[in-house]
Amino acid sequence: MKKKSLFLLAAGLLCCGALYAKSHSAAEGVAQNILVEPIEGLSEDFMRGVDISSLYEIEQNGGKYFNAAGQEEDLFKILADNGVNWVRLRVWNNPTDGGGSNNVDVDTKLAVRAKKAGLKLLVDFHYSDTWADPGKQPIPSEWKKLNEKQLNAAVENYTRESLEAFIKAGARPDAVQIGNELNNGFMWPIGKIWGNDGEKVGGFKAFTSLLKSAVSGVRAAQGNGEKIKIIVHLADGGNNDLYRAVFDPITQAKVDFDIIGLSFYTYWHGSCTDLKRNMTDLSKRYGKELAVMETAYAFTKEDGDEQGNVFMVYSGDNDGYIPSVQGQATAVRDVMATVASVKGGLGVFYWEPAWIPVKGAGLSKTEGDTWENQAMFDYHGRALPSLAVWNLVYGNDRGAVNNKWGGSAKNGSGFVPYDMADPLKIVTMPGLAPILPKMVKVVYTNDKENNVIVSWEKHDWASEKTPRFMNLTGSLSGSSYKINAEIEISSRVNLIEDNSWESGKLGKWKLNGSDTACFVENNKSNAHTGKWTYKYWLGQGFKSILTQDFKGIDNGTYVMSIWAMGGGGEKEIRFFAANFDGTKKQLSTKIVNDGWLNWKQYKVEVPVTNNQITIGIYLDTNAGNWGNFDDVELYLKDN
């Protein structure tokens, strides 16, 4: 981590959106009662790790932590008591932009505290002065003028000297990451794997050479002592094509490493099924051990400061999680179970569970915290019940929690449905049977969403002659829980197919403008209904027009409508109609966005006289404007 480019989009992404199933406020987090299903056969030495690299900044700016008894306590003690057995620390060469002061001097102090608490240590070299991730791998400022040979020497010496400092301080690392999320190499441009058109990069040869230099530094510092395991780490943990494309050349170059590390965030990288499929292949193909170096999930949809958060609700085709303390614990437990089920699966690290919102401990000197709703402490530093997941995965109520604030965490299983993941609303015409889904997604008492087969009650649809709303009951397979679908019987026919972009494509819409700035987005957090929306965002101002043509339609008065929300500040947004009367006349309504999730519906009535109409969305934005559109309608008005 971390994807700072995404952080800069925080106003557009923010934390999770309104949900049908039950979430809760951040303040209620410590009072939640949760259950964790044990993982059968989980080894005692399974890596149950956390990255707490922001701790130094948090403590320097007054942040404090409290255990389940409500007592202020050292973070490392709280973590160890809750089953954590590894700590991960990122190392920047010469941090200058805030976001953490994680140079070797700072990290050795944190590492000594971790060792005293009985925790093992993973050192994560970024080989950068600041955030390094798949979208950027900036070379340290002191190395910018070095040629390839000089850079290799610098990497080897820096790695060796840094690790020797840890060892001298009494905090010998147990494992070392040589680079962070190396999807396209590191220390660009020399260590960049693939370049853009015309860009001169070092390619795999230079990249693997730099990896070998880092390895030499680790092995030199290791000396005759216990082996320090070396990790090569990529993001996008569900993407098998990526991992093969990078690790085939690494292994062919005979780079000496021990562990394949993966970042896996469900809301970015897919389902646990995707993770298992990838890890299983990697284990067979390379014969290496594997570990998830980063994962996380939100315990609330609420923001803890004014920065906004990057979290997006995960709701895949078959499963998902509610952003709650229970959902967070379940998500972590499921990732652990997935890793443990793969041959060579060593463990899981949670990224920044202690990054609570403290002024001065943000992304940079001028930015706040975009991660606090994914912490395992509330916004006052109080341990959440979900922190006990690291113990409870072993069963027998090991580490069960009853905290001062009324919350609890213990073992449980046999979870049952208690809600629908989303309201089910279906439109049909008088006398016509609606198309009812064969499966629906429901939320279980571990706050996990699953698709379940549903049987619908019988109904005489032919007798429904007039428009009305009604509820239809469905029975779930294997459960006594009943669900309801709201059926609207309406003579109004929406001419727009896939009116909420749930296909994940623009479909019949035509875009005149940049598809980088305007695109369909899969983010339930930002949707009015469903998961997909038509989204716009760019770091600079732009203009675009999205249109759809309808020909051969009946003449008459049509109503067109759209739902919109966004940050505001655009020069102009118009929802318009054209080509409806044989002239160049347009009818439109001005759209004004004024905040995240402040959805508003806009309508225009259009007299069609030539059997056709074009409807569209016109955008004229300033730099950084963002917004979403959803649920478009075009229908013939009743006379």
(message) For Thr130, is there any backbone N or O sitting under 3.5 Å from a side-chain donor or acceptor partner on Trp92?
(response) yes
(request) Answer with yes or no after comparing the ring centroid distance for Tyr536 and Phe629 against a 6.0 Å cut-off, counting only values under it. (result) yes
(message) Between Tyr127 and Leu210, is the side-chain contact (heavy atoms from CB on, under 4.5 Å) condition met? List the steps.
(response) CA-CA 11 Å; Tyr127 299 112; Leu210 288 167; over 6 Å; no
(message) Run Leu79 and Leu387 through side-chain contact (heavy atoms from CB on, under 4.5 Å) and show every step you take.
(response) CA-CA 8 Å; Leu79 294 173; Leu387 186 61; 4.2 Å; yes
(request) Output yes when a side-chain donor or acceptor of Gln328 lies under 3.5 Å from a complementary backbone atom of Ala375, and no otherwise. (result) yes
(request) Would you sort out whether Leu121 and Arg172 count as a side-chain contact (heavy atoms from CB on, under 4.5 Å), showing the intermediate values? (result) CA-CA 8 Å; Leu121 174 65; Arg172 181 185 180 86; over 6 Å; no
(request) With the side chain counted from C-beta on, respond yes when Leu282 and Leu262 share a heavy-atom pair under 4.5 Å apart, and no when they do not. (result) yes
(message) If you count heavy atoms of other groups shown closer than 6.0 angstrom to CD of Glu142, is the number above 12?
(response) no
(request) Say whether, by atom type as modelled, one donor and one acceptor occur between the side chain of Asn622 and the main chain of Gln540 under 3.5 angstrom. (result) no
(request) Determine, using ring centers only, whether Tyr379 and Phe299 are less than 6.0 Å apart. (result) yes
(message) Give me the atom names and distance for the closest heavy-atom approach of Asn82 to Ile78.
(response) ND2-O, 2.8 Å
(message) Among residues at least two apart in sequence or on other chains, which ones pass side chain to side chain donor-acceptor pair (under 3.5 Å) with His528?
(response) Asp631
(request) Could you pull out the closest heavy-atom pair between Gly83 and Arg48, with the gap in Å? (result) O-NE, 2.7 Å
(request) Check whether any side-chain heavy atom of Asn184 lies under 4.5 Å from a side-chain heavy atom of Lys192, and answer yes or no. (result) yes
(message) Side chains of Val232 and Val246, heavy atoms from C-beta outward: is any pair under 4.5 Å?
(response) no
(request) Determine whether more than 12 heavy atoms belonging to other residues, nucleotides or ligands lie under 6.0 Å from atom NZ of Lys600. (result) yes
(request) To the nearest 0.5 angstrom, please state how far the CZ atom of Phe46 sits from the CH2 atom of Trp86. (result) 12.5 Å
(request) Please report the shortest heavy-atom distance between Ser25 and Thr300, naming the atom on each side. (result) C-OG1, 3.6 Å
(message) Tell me whether Ser315 contacts the main-chain N or O of Gly320 through its side chain, where contact means a donor paired with an acceptor under 3.5 Å.
(response) no
(request) Look at Lys524 together with Glu449 and state whether they make a salt bridge at an N to O cut-off of under 4.0 Å. (result) yes
(message) Any side-chain to backbone donor/acceptor pair from Ser128 onto Pro138? Under 3.5 Å, distance only.
(response) yes
(request) Please round to the nearest 0.5 Å and tell me the distance separating atom CD of Glu352 and atom CD of Glu372. (result) 12.0 Å
(request) Would you mind reporting whether Trp599 and Asn628 have side-chain heavy atoms less than 4.5 Å apart? (result) yes
(message) Nearest 0.5 Å, please: how far is CG in Leu275 from NE2 in His269?
(response) 10.5 Å
(message) Taking the ring of Trp351 and the ring of Tyr265, is the distance between their centroids below 6.0 Å?
(response) no
(request) Starting at OH of Tyr314, measure out to CG of Asn523 and round the result to the nearest 0.5 Å. (result) 13.5 Å
(message) Do the side chains of Lys77 and Asp81 get close enough for a salt bridge, i.e. N-O under 4.0 angstrom?
(response) yes
(message) For Ser101 and Glu57, which I'm curious about, is there any donor-acceptor pair between the side chains at under 3.5 Å?
(response) yes
(request) Locate the shortest heavy-atom distance separating Ile52 from Ala354; write the atom from each residue and the value. (result) CG2-CB, 4.1 Å
(message) Is there a side-chain contact (heavy atoms from CB on, under 4.5 Å) between Leu234 and Leu182? Walk through the geometry before answering.
(response) CA-CA 5 Å; Leu234 308 187; Leu182 305 179; 3.9 Å; yes
(message) Given 3.5 Å as the limit, does a donor-acceptor pair link the side chain of Trp501 with the main chain of Phe519, or not?
(response) no
(message) Treating Asn183 as the side-chain partner and Leu242 as the backbone partner, does any N or O pair qualify as donor plus acceptor under 3.5 Å?
(response) no
(message) Could you tell me if the side chain of Val310 sits less than 4.5 Å from the side chain of Trp371, heavy atoms only?
(response) yes
(message) For the CD1 atom of Ile230 and the CD1 atom of Ile178, what is their distance to the nearest 0.5 Å?
(response) 5.5 Å
(message) Contact between Phe264 and Val348 at the side-chain level, heavy atoms closer than 4.5 Å - yes or no?
(response) no
(request) Identify the two heavy atoms, one from Leu163 and one from Ala221, that lie closest to each other, and give their separation to 0.1 Å. (result) CB-CB, 3.6 Å
(message) Contact between Cys518 and Phe542 at the side-chain level, heavy atoms closer than 4.5 Å - yes or no?
(response) yes
(request) Answer yes if the side chains of Asp447 and Thr330 hold a donor-acceptor pair under 3.5 Å, and no otherwise. (result) no
(request) Compute whether any side-chain donor of one residue and acceptor of the other, for Arg90 and Ser54, lie under 3.5 angstrom apart. (result) yes
(message) Under the rule for side chain to side chain donor-acceptor pair (under 3.5 Å), what residues qualify as partners of Asn239, not counting sequence neighbours?
(response) none
(message) Is it true that, when you exclude Glu306 itself, more than 12 heavy atoms of the residues, nucleotides or ligands shown sit nearer than 6.0 Å to its CD?
(response) no
(request) Evaluate the side-chain proximity of His126 to Asp124: yes if any heavy-atom separation is below 4.5 Å, no if none is. (result) yes
(message) Which residue is it: Asp51, Asp107, Asp174? I am looking for the one with a salt bridge (charged side-chain N to carboxylate O under 4.0 Å, His left out) to Arg88.
(response) Asp51
(request) Let me know which of Tyr350, Trp268, Phe311 forms a ring pair (Phe, Tyr, Trp, His ring centres under 6.0 Å) with Tyr297. (result) Phe311
(request) Indicate whether any N or O donor in one side chain lies under 3.5 Å from an N or O acceptor in the other, for Glu302 and Asn373. (result) no
(request) Kindly say whether Phe166 contributes a backbone atom to a donor-acceptor pair with the side chain of Thr108 at under 3.5 angstrom? (result) no
(request) Over all heavy atoms of both residues, which pair between Ile356 and Gly381 is shortest? Give the atoms and the distance, please. (result) CD1-CA, 4.0 Å
(message) Donor-acceptor pair, distance only, cut-off 3.5 Å: does the side chain of Ser525 make one with the backbone of Val313?
(response) yes
(request) Output the distance between atom CG (Leu290) and atom CD1 (Ile260), rounded to the nearest 0.5 Å. (result) 5.0 Å
